[in-house]
Protein chains: 2
Amino acid sequence: MIEAHADFPAQHLPDLPLSTPAVVVDRRILDANIARVADSAARRGLMLRPHAKTHKIPEIARRQIDAGAVGLTVATIGEAEVFAGAGIEDLFIAYPLWVDMRKAVRLKLLAEKTRLRIGTDSVEAVEQIARELGDAPLSVSLELDSGHHRSGVLPDDALPIAQRARELGVRLDGLFTFPGHSYAPGEQSSAATQESAILAGTARELREAGHEIVHVSGGSSPTAEVEEPTAAQEIRPGVYVFGDAQQLELGRIGIQDVSLSVAATVVSRHDHEEAEDDGPSLRRIVLDAGSKVLGSDRPAWATGYGRLPNHPRARITALSEHHATVVFPPEDALPAMGEQLRVIPNHVCLTLNLIGSVTVIDGGAVLGSWKVAARGLNS
Amino acid sequence: MIEAHADFPAQHLPDLPLSTPAVVVDRRILDANIARVADSAARRGLMLRPHAKTHKIPEIARRQIDAGAVGLTVATIGEAEVFAGAGIEDLFIAYPLWVDMRKAVRLKLLAEKTRLRIGTDSVEAVEQIARELGDAPLSVSLELDSGHHRSGVLPDDALPIAQRARELGVRLDGLFTFPGHSYAPGEQSSAATQESAILAGTARELREAGHEIVHVSGGSSPTAEVEEPTAAQEIRPGVYVFGDAQQLELGRIGIQDVSLSVAATVVSRHDHEEAEDDGPSLRRIVLDAGSKVLGSDRPAWATGYGRLPNHPRARITALSEHHATVVFPPEDALPAMGEQLRVIPNHVCLTLNLIGSVTVIDGGAVLGSWKVAARGLNS
């Protein structure tokens, strides 16, 4: 019944009685992750522009910049406003914005405070940018579809957009892509190759047509660490600061790289209940961390809705808003009522968006807390 | 490829240019939903105690009380604190709380402000309540498992917990259950029958053993409107105030009952892309509402990650944090770039937890906004 997609040794985390659920970040592991990816980017001659939608925390952004990041990537104007306010001087909103009047006002103010780049993927959006933003001092990067089939244009459709931008005086001087399909099992290397080929080919085509392309940007967390030559000059990984159960189960990080977990309490315990009619085991505990703190993302290949670092064979089989149902194999004892356990969320970006602050620890010591300043800023 | 689980006529919602994504509540439909369920409960002689985790908004709580609700249900102490602060005088935390020292302090303060009931499902939790809460003026209800297999005990395990409460002087005077399996297709009526049988049988057993049971509480949104006799004296539906795509696709409400939608803008549009290798259609738009506003719940039977009321044949095939990928059938024209559409989330309780406020409308007129005062209060 229970199949392990990722095995790891049980962790012996310090006992930290907290008011649960509480999100805990180990600063030492966080800093090691920040340094590892910064060093890898530097060694490969790549500019690192971490995606701040993962953490939404100015203190973490500052540590990324101090470790050598050239600036930050964000997903929304609201996130850009928070990080510009916190003193970050170079921001890329890697999203095909539709710049209406209200968004234009905010972007103009932002462009006065910080170096600013935004995304686009259509002639219509470029025309809207020309109309609403005029000669505001910002640049535009064109999003390419490198196989994820979300936003972004196919390489053949890139040139007409760049031409239209030139006609209208819009400074389109970059390309970017998000190889989101690299998150699927076995797709990491081929997605990285595809990404590189599409960026290289389109940059060449646009340059041959006389367009100055100074930003060539790629790289999700899974492809950022593929140690192969790439046409990207910049990478934008996000998840690497914390790690999560998805990255762990894909085998792309180890349990020692996970810096964030959710402390949760055993609130219900059912040690002697049997399965019904060949159904799944009903021998379970319930933790007070549900989808409203873990997020409910669950790829088909995942073992469940997150992982318990101290109980690698346990499986989170169901998640309600405030309940995680955790089934244990017959050979493992169930934790006691009231015990506090740690849970690693499947997709850590969702967790940060659900909470007001994180508790910062170093091994067994609580150092304080950081505010999730850009939480919930969807527009 | 596209299979409709619930058909409905396209709606022609008024155009409301908003800064998207924005969550919009139609007050007239909201009030009709509040009145419909209040009338149905009154006609059946049931006390109505709506679950406020769905909306988290004091203005909506007040409308529910004014329509005849006896009090509110909440999921966490934090939610109870907000609604007690807003003047609601009768609250049930329908959750098996593990009452540690910090939670005990908060519960004692709450019990001074409002009539308070909390949940439990084990001898250990009852002992903890006795230890930490002493003679605080609150009552305890025992959670029963009526087939959902989350928290809650099987009927055979109820009596020992009630006995232990009596020994320790804990006022255990109620039973409750959550028939969460009633959300599955075809399970509504049988889940309601199971719920009623388990509540009736356990109440009888405990009363015969001399326990005074004054609260018998059941009813998710799907079972609350089953018009059959029930042993429950109180129901706790939550979702009915807004409706959502799950309820719509289960056929339990009509499109005219949905009071909440997310306004989103077309930010990317791909009209001429063909499917690859027998894959799904790639003819799509992308909206700026992703899992960080819609939530990522998606039951296996759902058609996608939400529904578009104006485009009943469109399917939300993928959701990223800030992107909804929407595929249209060949016969439907794609909406234009920059157009604002409405999206009905799959599970509306998650959406309210992701935003700071809702825009309140009446048909085409914007009336103002309500703050989501209990957002993100997980403990």
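The model shown is predicted, which means the values in this text are computed figures rather than measured ones. Residue numbering restarts at 1 for every chain, and letters A, B, ... go by the order of the sequence lines.
- Looking at residues two or more places apart in sequence or on another chain, you find a side chain to side chain donor-acceptor pair (under 3.5 Å) between A:Arg164 and A:Glu127, A:Glu167.
- Both the backbone and the side chain of B:Ser151 come within less than 4.5 Å of a heavy atom in chain A.
- Ranked by heavy-atom pairs under 4.5 Å with chain A, the first of B:Asp100, B:Val286, B:Asp297, B:Val267 is B:Val267.
- With a 4.5 angstrom heavy-atom cutoff, A:Arg298 does not touch chain B via any of its atoms.
- Heavy atoms closer than 4.5 Å to chain B are found in the side chain of A:Thr325, but not in its backbone.
- Heavy atoms closer than 4.5 Å to chain A are found in the side chain of B:Ser122, but not in its backbone.
- Among the candidates B:Ala125, B:Gly295, B:Cys349, the residue making the largest number of heavy-atom pairs closer than 4.5 Å to chain A is B:Cys349.
- In this structure the side chain of B:Asp121 reaches within 4.5 angstrom of the side chain of A:His270, judged on heavy atoms.
- For the atom pair NE2 (B:His272) and CG (A:Asp157), the distance works out to 9.5 Å, reported to the nearest 0.5 Å.
- B:Arg375 is not listed as a side-chain neighbour of A:Lys292, based on a closest heavy-atom distance of 4.5 Å or more.
- For A:Leu354, the side-chain contact (heavy atoms from CB on, under 4.5 Å) partners are B:Asn353, B:Leu354, not counting sequence neighbours.
- Interface remark: B:Ile77 contributes no atoms to any contact with chain A (heavy atom separation under 4.5 Å).
- Looking at B:His149, both its backbone and its side chain come within 4.5 Å of chain A, counting heavy atoms on both sides.
- With a 4.5 Å cut-off on non-hydrogen atoms, A:Arg150 touches chain B through its backbone and its side chain both.
- The choice from B:Glu273, B:Met101, B:Arg269 that makes the most heavy-atom pairs within less than 4.5 Å of chain A is B:Glu273.
- Summarising the geometry, atom OG belonging to B:Ser19 is positioned 5.5 Å from atom CZ belonging to A:Arg102; distances are rounded to the nearest 0.5 Å.
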* To do: Kindly determine whether B:Arg284 and A:Asp145 satisfy salt bridge (Lys or Arg N to Asp or Glu O under 4.0 Å), including the steps that lead there.
  => CA-CA 13 Å; B:Arg284 66 193 187 276; A:Asp145 178 359; 3.6 Å; yes

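- Interface with chain B: from residues 92-99 of chain A, residues A:Tyr95, A:Pro96, A:Trp98 qualify, criterion being any non-hydrogen pair under 4.5 Å.
- If you tally non-hydrogen atom pairs under 4.5 Å between each of B:Ser291, B:Ala318, B:Ser320, B:Gly290 and chain A, the highest count goes to B:Ser320.
- Counting heavy atoms from C-beta outward, B:Pro21 and A:Ser379 have side chains that approach closer than 4.5 Å.
- In this structure, chain A has no heavy atom under 4.5 Å from any part of B:Glu143.
- Contact annotation: the side chain of B:Ser296 approaches that of A:Leu350 to within less than 4.5 Å [non-hydrogen atoms, C-beta and beyond].
- Both the backbone and the side chain of B:Asp288 come within contact range of chain A, judged by heavy atoms closer than 4.5 Å.
- B:Thr76 touches chain A through its side chain: at least one heavy atom from C-beta onward sits under 4.5 Å away, while N, CA, C and O do not.
- Heavy-atom distances place no part of A:Leu352 under 4.5 Å from chain B, backbone and side chain included.
- Residues B:Met337 and A:Gln128 fail the side-chain proximity criterion, which asks for heavy atoms closer than 4.5 Å.
- Counting heavy-atom pairs under 4.5 Å between each of A:Ile285, A:Leu154, A:Ile355 and chain B puts A:Leu154 at the top.
- Contacts of A:His51 classified as side-chain contact (heavy atoms from CB on, under 4.5 Å), with partners at least two apart in sequence or in another chain: A:Lys53, A:Thr73, A:Ala75.
- Both the backbone and the side chain of B:Asn378 come within less than 4.5 Å of a heavy atom of chain A.
- Within the 4.5 angstrom heavy-atom criterion, atoms from both the backbone and the side chain of B:Thr20 approach chain A.
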